[in-house]
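Working notes, structure below.
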Amino acid sequence: MPAPVQALFRGQLRSRPANGHQAFLPQIRKLVFEFCNAWPSSANTRTYLQSQIQSLARQNPHVEVVVKQRNQKEPIVRGFYVNNRDKVIPLNSLEVTAIQTKVQLLLDSSGAKIQPLKRRAVESTTEAARGIWSGLHADRPTL
């Protein structure tokens, strides 16, 4: 007698997205440019937005690009990531090429917190080598 056939549902046929050797999921989901129309520190940011924002949006269709006017404030670019974190980079008085490198830095970043390379805390997955001391398990002292 043949083995019973299991029902195959449409939801079981979908694959779950994951980073790996076959697929890459960009970690950034949204870029927000905020600038002031009047302040001179935003002049290069305005130039960058007028000349290169469309090509940036075309090259990165997975990223939502938002441009907001922020009066009486310094210009910033804010990156929102899949892991619900955000990174903010100030753009005041940066040249257009420097703004481009900062935006690329946000696009390439994972959004994870920066880990220090020196003096990392040691995390053990096992108990201490000598075990856990307890006064209840120790031998009674003799005189």
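Basis for what follows: all heavy atoms, side chains included, without hydrogens, waters or symmetry-related copies.
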Is there side-chain contact between [X] and [Y], with at least one heavy-atom pair below 4.5 Å?
X   : Y    : result
L31 : L106 : yes
Y81 : R29  : no
W39 : Q72  : yes
L56 : Y48  : yes
V96 : Q52  : yes

Could you tell me the separation between the [atom1] atom of [X] and the [atom2] atom of [Y], rounded to the nearest 0.5 Å?
X    : Y   : atom1 : atom2 : value
K102 : L94 : NZ    : CG    : 6.5 Å
K73  : S41 : NZ    : OG    : 12.5 Å
R46  : L91 : CZ    : CG    : 12.5 Å
L107 : Q59 : CG    : CD    : 9.5 Å
K68  : F33 : NZ    : CZ    : 13.5 Å
N60  : I28 : CG    : CD1   : 8.5 Å

Strictly distance-based, threshold 3.5 Å: is any side-chain N or O of R70 a donor or acceptor partner for the main-chain N or O of I76?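 Pair absent, no side-chain N/O of R70 close to backbone of I76.
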Atom of S42, atom of C36 and distance for their closest heavy-atom approach: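 For S42 and C36, the tightest heavy-atom pair comes out as CB-O, 3.2 Å.
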Using a cut-off of 6.0 Å, state whether more than 12 heavy atoms not belonging to Q69 lie near its atom CD.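 Count over threshold, so yes.
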Among V63, D86, V66, side-chain contact (heavy atoms from CB on, under 4.5 Å) partner for K30: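 Among V63, D86, V66, the one meeting side-chain contact (heavy atoms from CB on, under 4.5 Å) with K30 is V66.
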Can you tell me if Q27 and S110 form a side-chain donor-acceptor pair at under 3.5 Å?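 Per modelled atom types, Q27 and S110 side chains form no pair under 3.5 Å.
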Do the side chains of V103 and V67 join up, straight or via other hydrophobic residues, at under 4.5 Å, putting them in one cluster?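 Same cluster: V103 reaches V67 through Ile, Leu, Val, Met, Phe, Trp or Tyr contacts under 4.5 Å.
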According to a 4.5 Å side-chain heavy-atom criterion applied to Ile, Leu, Val, Met, Phe, Trp and Tyr, with indirect links allowed, do V32 and I89 form part of one hydrophobic cluster?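 No; I89 is not reachable from V32 via cluster members.
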Pick from K87, Q104, R85: which one makes a side chain to side chain donor-acceptor pair (under 3.5 Å) with S109?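 Between S109 and the candidates, side chain to side chain donor-acceptor pair (under 3.5 Å) is satisfied uniquely by K87.
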